[in-house]
4 protein chains.
Amino acid sequence: MNKQINAPSGRPRSIHVDQAILQATLDLLAEVGYQSMSIEAIASRAGVGKTTIYRRYTSKEELVADAIESLRDDLAIPDTGSFWGDMDIIINHAAQKIDSPLGRQTIALIISTASSNPQFAEVYWTKYTKIRREALSKVLKRAKSRNEIHKDADIDLVIDLLSGSLYYALIFKPITEPVEAYMRRTMNLLLKGIGHGE
Amino acid sequence: MNKQINAPSGRPRSIHVDQAILQATLDLLAEVGYQSMSIEAIASRAGVGKTTIYRRYTSKEELVADAIESLRDDLAIPDTGSFWGDMDIIINHAAQKIDSPLGRQTIALIISTASSNPQFAEVYWTKYTKIRREALSKVLKRAKSRNEIHKDADIDLVIDLLSGSLYYALIFKPITEPVEAYMRRTMNLLLKGIGHGE
Amino acid sequence: MNKQINAPSGRPRSIHVDQAILQATLDLLAEVGYQSMSIEAIASRAGVGKTTIYRRYTSKEELVADAIESLRDDLAIPDTGSFWGDMDIIINHAAQKIDSPLGRQTIALIISTASSNPQFAEVYWTKYTKIRREALSKVLKRAKSRNEIHKDADIDLVIDLLSGSLYYALIFKPITEPVEAYMRRTMNLLLKGIGHGE
Amino acid sequence: MNKQINAPSGRPRSIHVDQAILQATLDLLAEVGYQSMSIEAIASRAGVGKTTIYRRYTSKEELVADAIESLRDDLAIPDTGSFWGDMDIIINHAAQKIDSPLGRQTIALIISTASSNPQFAEVYWTKYTKIRREALSKVLKRAKSRNEIHKDADIDLVIDLLSGSLYYALIFKPITEPVEAYMRRTMNLLLKGIGHGE
DNA sequence: TGCTAATCGAGACGGTACGTCAAGTCTTAAG
DNA sequence: CTTAAGACTTGACGTACCGTCTCGATTAGCA
């Protein structure tokens, strides 16, 4: 009963080929960057015909999105019992991801593509960003319920500030301090605020 | 004593041509976007030979950077006497800049190019971003001296959060609310903080 | 035993394209001449990408050489039984070839290219000139065996004189008489000589 | 009375510049050949602005024609009293001219340009070829009057054969024998003829 | 002696064509 | 029907020269 809907006649697609393509894509992404990475180079690196790639993906964006998706790690949402306990884990995890050639290229790519191509902003948002936001969101909600942060704090906006400043710093500021330290400073500022309360 | 460093020989460069090139660049940037904008199209739109462009700029990035630079407005730093008075002006100014096809394209471009090309991050930082940061910085310092915000608040970091979240929202979030409203919400969050004081 | 040296993989070259390129080349050669004939024009006339031409030929010379080669007629060596009978046929054949826009352009081209490019002199010599010389040579040898011309006459040199003077006249002398007449006068002079015998 | 038609006011043209241009032209002609010789290169080699060249010549052909003209030697017509005496001088002179890089380039150029550009065939004919033909012509006429050659020999045609075969050999035949030897063989053949007389 | 006008070098200008590269489509033979 | 290979059209790239056009700076001869 669980036959494939349309019984595929002829030679089936090779999964080795699938993997070779994704791997070649990731390799080249880390080596030469998104812009200077040609489909032809990917094909040749993967030992595959161009046609074989075009049969699977209709654009470089799609291909790369899939390649990045392929190495998504299933981020376990931490639950240590304290806000800073959870945050430390999230921050360390993020920092570790970012501090590699592929990690930086990936972020640069996501921002770059997304900013000039709204329809791929959507794709990346779902495949990459959303997961992380959900983890953060859960952690913040728990902190709320533990009364560690204001119960009327705008969690979504907090995440915007946290993520936004991180990306902003990664793009525009030469590396002055470790990613972890920067994120902790940010979180602290958000906790205390800069006004005088009433 | 006459400071003529190098008497320029040969026919001098035409400023009409300079302007035509920059204008064509801005037009096309708004119309078709950075990626699909060819030097050939710019040349033809400007009524100019390709050589004439290549004589001035060695890359599309350089050209576009200069074009954007050319429409830099000399942002007067507001001084209304109150923090929110100043902020309103800055926010309105920013919103007005952003809410135009060219404005959005420009921001997308800056982020996109900068994120995949560190050396142009530098250029844009200086030509475009720095000026706005300095205005914000001055306003925040004055607010500090008026005791409207904490005197030990990390101004640089505050600006990172403000700018970062704005860019982040512009890229990843479909337009749900006016830019002004979003920026005001952000500023409020920063003032109050999300923690419970000491 | 099957002599297929390298089994060709990939899409084979299209013979339609081959022909279109050669035809466009010959057309333009006759219309605008060798110098002002651009590869781009040939490509567009043939309805073909520039790359497709560059895949086959590395230079305009090569392309044109091949185009000319393509219209080589398989000159049948005449054998009428008499020297002048044979010569008449050869002369008429030559004259007919020369008296057309393409014919003149071809000769001009061959001489022009060959004189400034020794390696193409070689090509043209083999593809174009040699065949005609061989025909002439055979005819002259038969005339020798029939005792119509001296048995110690230097046939190669005779052909040089015949061909050389023809080309020379074509280049430098405005058309005063039909090609046939000129060639016959030349041949006569060669037969009689200008000296007084021994 | 014999004043220059239009008294030239303003700065007169510099003869140093004239010479520098011609010299640079000849140098480059011998070095890189006619085709790959750009006006820009000539100007730069001569230490002269492009305008200065275009003020004097309207085309590369004109310029080169003048450069070649500038080194015309005033071929004295020999008169030794015997046909072969005169011929030896002419042959030696020709051979000496031809056996140098510039000499070969010049001939190649003349033939090449002339064959693809009838209006320059005219120019070269007058400036270069005609002089040599007249010398030959005079020598042949004297030989006639001395009864060394037939009195009804077609002198013009003889010269065509002599010149034509020489050019032909220079272009198409790899150097097998000295120019002098070849010319002497040709002359001999012409004297004796290849037929059997009546 | 100073004026006038064409010259000079330099190099910018709008163009044309170059030869290269990659994009995405297509056509083979082999599996 | 997929695959690897590679030919195909298209279009932009960045370069080299073309012939024309400004520039400021020399020069001569005429006034």
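Here is the naming used below: chain letters follow the sequence lines, and residue numbers restart at 1 for every chain.
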Name each donor-acceptor pair under 3.5 Å that joins a side chain in residues 44-53 of chain D to protein atoms two or more places apart or in another chain, with its distance.
| from | atom 1 | to | atom 2 | distance (Å) |
| --- | --- | --- | --- | --- |
| D:Arg45 | NH1 | D:Glu31 | OE2 | 3.3 |
| D:Arg45 | NH2 | D:Glu31 | OE1 | 2.8 |
| D:Arg45 | NH2 | D:Glu31 | OE2 | 3.4 |
| D:Lys50 | NZ | D:Glu40 | OE2 | 2.9 |

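Note: CZ (C:Arg11) to P (E:dG24) measures 18 Å, nearest angstrom. Residue C:Arg13 contributes atom CZ, which lies 6 Å from atom P of F:dC8 at whole-angstrom precision. Rounded to a whole Å, the CG atom of C:Leu63 is 11 Å from the P atom of E:dG19. Rounded to whole Å, the distance from OH on A:Tyr57 to P on E:dG24 is 15 Å. Atoms CD1 (A:Ile15) and P (F:dT3) sit 12 Å apart, rounded to a whole Å.
Residues satisfying the side chain to side chain contact (heavy atoms under 4.5 Å, CB included) criterion with B:Ala114, sequence neighbours excluded, are A:Ile171, A:Phe172, B:Ala121. Checked against side-chain hydrogen bond (donor to acceptor under 3.5 Å, both in side chains), B:Ser70 has no partners two or more places apart in sequence or in another chain. Every residue meeting the salt bridge (Lys or Arg N to Asp or Glu O under 4.0 Å) condition with D:Glu69, not counting sequence neighbours, appears here in chain and number order: D:Arg72. By the side-chain hydrogen bond (donor to acceptor under 3.5 Å, both in side chains) test, B:Tyr34 is found to be paired with no residue, residues two or more places apart in sequence or in another chain being considered. Residues satisfying the salt bridge (Lys or Arg N to Asp or Glu O under 4.0 Å) criterion with C:Arg55, sequence neighbours excluded, are absent altogether. With sequence neighbours excluded, the residues that form a side chain to side chain contact (heavy atoms under 4.5 Å, CB included) with A:Leu71 are A:Leu26, A:Leu102.
Across residues 20-29 of chain A, not one residue has a non-hydrogen atom less than 4.0 Å from an atom of DNA chain F. Contacts between residues 34-55 of chain D and DNA chain F, defined by a heavy-atom separation under 4.0 Å, are made by D:Ser38, D:Ile39, D:Glu40, D:Lys50, D:Thr51, D:Tyr54.
Both B:Pro12 and A:Ser59 lie near DNA chain E, and the one whose nearest nucleotide falls closer to the 5' end is B:Pro12.
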Check: Given B:Asp66 and B:Thr25, is the side chain to side chain contact (heavy atoms under 4.5 Å, CB included) satisfied, shown in steps?
Finding: CA-CA 10 Å; B:Asp66 209 44; B:Thr25 304; over 6 Å; no
